[in-house]
Amino acid sequence: MGQTRVITAHFDNSRRFFENSIGKEFDFTQSTGPYEYLLGALSGCFYLTMLSIKHSVRWESVEITVTGEKRETVPTTLEKTILAIKAAGVTDKTEFEELAAKAAAECSIYNTISAVSQMETRIEYV
């Protein structure tokens, strides 16, 4: 059986938030709502999937900016999702690009979102 993840969401007249199994709280606000958490989860899943794949390429840092465009028709799922990756200090750009392609194929959240959204990955070396 696979891993189980559990969050508990709380909603009342004064506050909207969810918490994880260790009690860490994450508020739903005007600027950090469900889609921001979804896109943040995508970036984390994508990066950790890259790390889990056997590779020899090294880098100093990676920044992933995820942009999601929602449909205007109901259901308003994501229509287009872009992962803009800025990578610094990459030792082998070709291998890094192959690693990113493998991560796209293996990342569970990427693949879940791709069922409803056009996915695009862009890589910039800084």
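Numbering starts at 1 and runs along the sequence shown. Note that this is a predicted model, so its numbers are computed, not measured.
Nearest heavy atoms, N111 versus A105: ND2-O, 3.2 Å. Nearest heavy-atom pair across A87 and V90 is CB-CG2, 3.5 Å.
For the atom pair NE2 (H55) and NZ (K102), the distance works out to 10.5 Å, reported to the nearest 0.5 Å. Taken from CD in E25 to CD1 in I7, the straight-line distance is 12.0 Å, to the nearest 0.5 Å. Considering CD1 of I82 and OG1 of T67, their distance stands at 5.5 Å, rounded to 0.5 Å. Atom CG of L39 is separated from atom CG of L78 by 6.0 Å, given to the nearest 0.5 angstrom. The distance from atom SG of C107 to atom CE of M119, rounded to the nearest 0.5 Å, is 8.0 Å. We find the OG-NZ distance between S61 and K86 to be 10.5 Å, quoted to the nearest 0.5 Å.
In this structure, the side chains of F18 and H10 stay at 4.5 Å or more apart for every pair of heavy atoms. A heavy-atom distance below 4.5 Å is found between the side chains of Q3 and R5. A heavy-atom distance below 4.5 Å is found between the side chains of E106 and I53. Y37 places a side-chain heavy atom less than 4.5 Å from the side chain of F26. In this structure the side chain of T81 never reaches within 4.5 angstrom of the side chain of Q118, judged on heavy atoms. Taking the side chain as every heavy atom from C-beta outward, Y47 and L83 never approach each other to under 4.5 Å. Looking at heavy atoms from C-beta onward, C45 lies out of side-chain contact with Y110 at the 4.5 angstrom threshold.
Proximity of a side-chain donor or acceptor of S117 to a complementary backbone N or O of I113 within less than 3.5 Å is not detected. Remark: side-chain polar atoms of T112 are paired, donor with acceptor, to backbone N or O of S108 under 3.5 angstrom. In this structure, E95 contributes its side chain and S56 its backbone to a donor-acceptor pair below 3.5 Å. Between the E36 side chain and the G33 main chain, a donor and an acceptor come within less than 3.5 Å of each other.
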message: Test salt bridge (charged side-chain N to carboxylate O under 4.0 Å, His left out) on R15 and D27; report intermediate values, then the result.
response: CA-CA 8 Å; R15 189 165 177 221; D27 284 299; 2.8 Å; yes

- prompt: Are T8 and F17 close enough, and set up right, to give a side-chain contact (heavy atoms from CB on, under 4.5 Å), and what steps lead you there?
  reply: CA-CA 9 Å; T8 302; F17 69 99; over 6 Å; no

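Linking Ile, Leu, Val, Met, Phe, Trp and Tyr residues whenever their side-chain heavy atoms come within less than 4.5 Å places I85 and L51 in a single cluster. Placement of Y35 and L42 within a single hydrophobic cluster is found when ILVMFWY residues are connected by side-chain heavy-atom separations under 4.5 Å, directly or transitively.
With salt bridges taken as basic N to acidic carboxylate O contacts below 4.0 Å, one links K80 and E120.
For the pairing with F46, the side-chain contact (heavy atoms from CB on, under 4.5 Å) check across V66, V62, I64 returns one residue only, I64.
A donor-acceptor contact under 3.5 angstrom links the side chains of T29 and T32, judged on distance only. For the residue pair T91 and R58, no side-chain donor N or O sits within less than 3.5 Å of a side-chain acceptor on the partner.
Cation-pi check for K93 over Y125 is met; the charged atom lies under 6.0 angstrom from the ring centroid and within 45 degrees of its normal.
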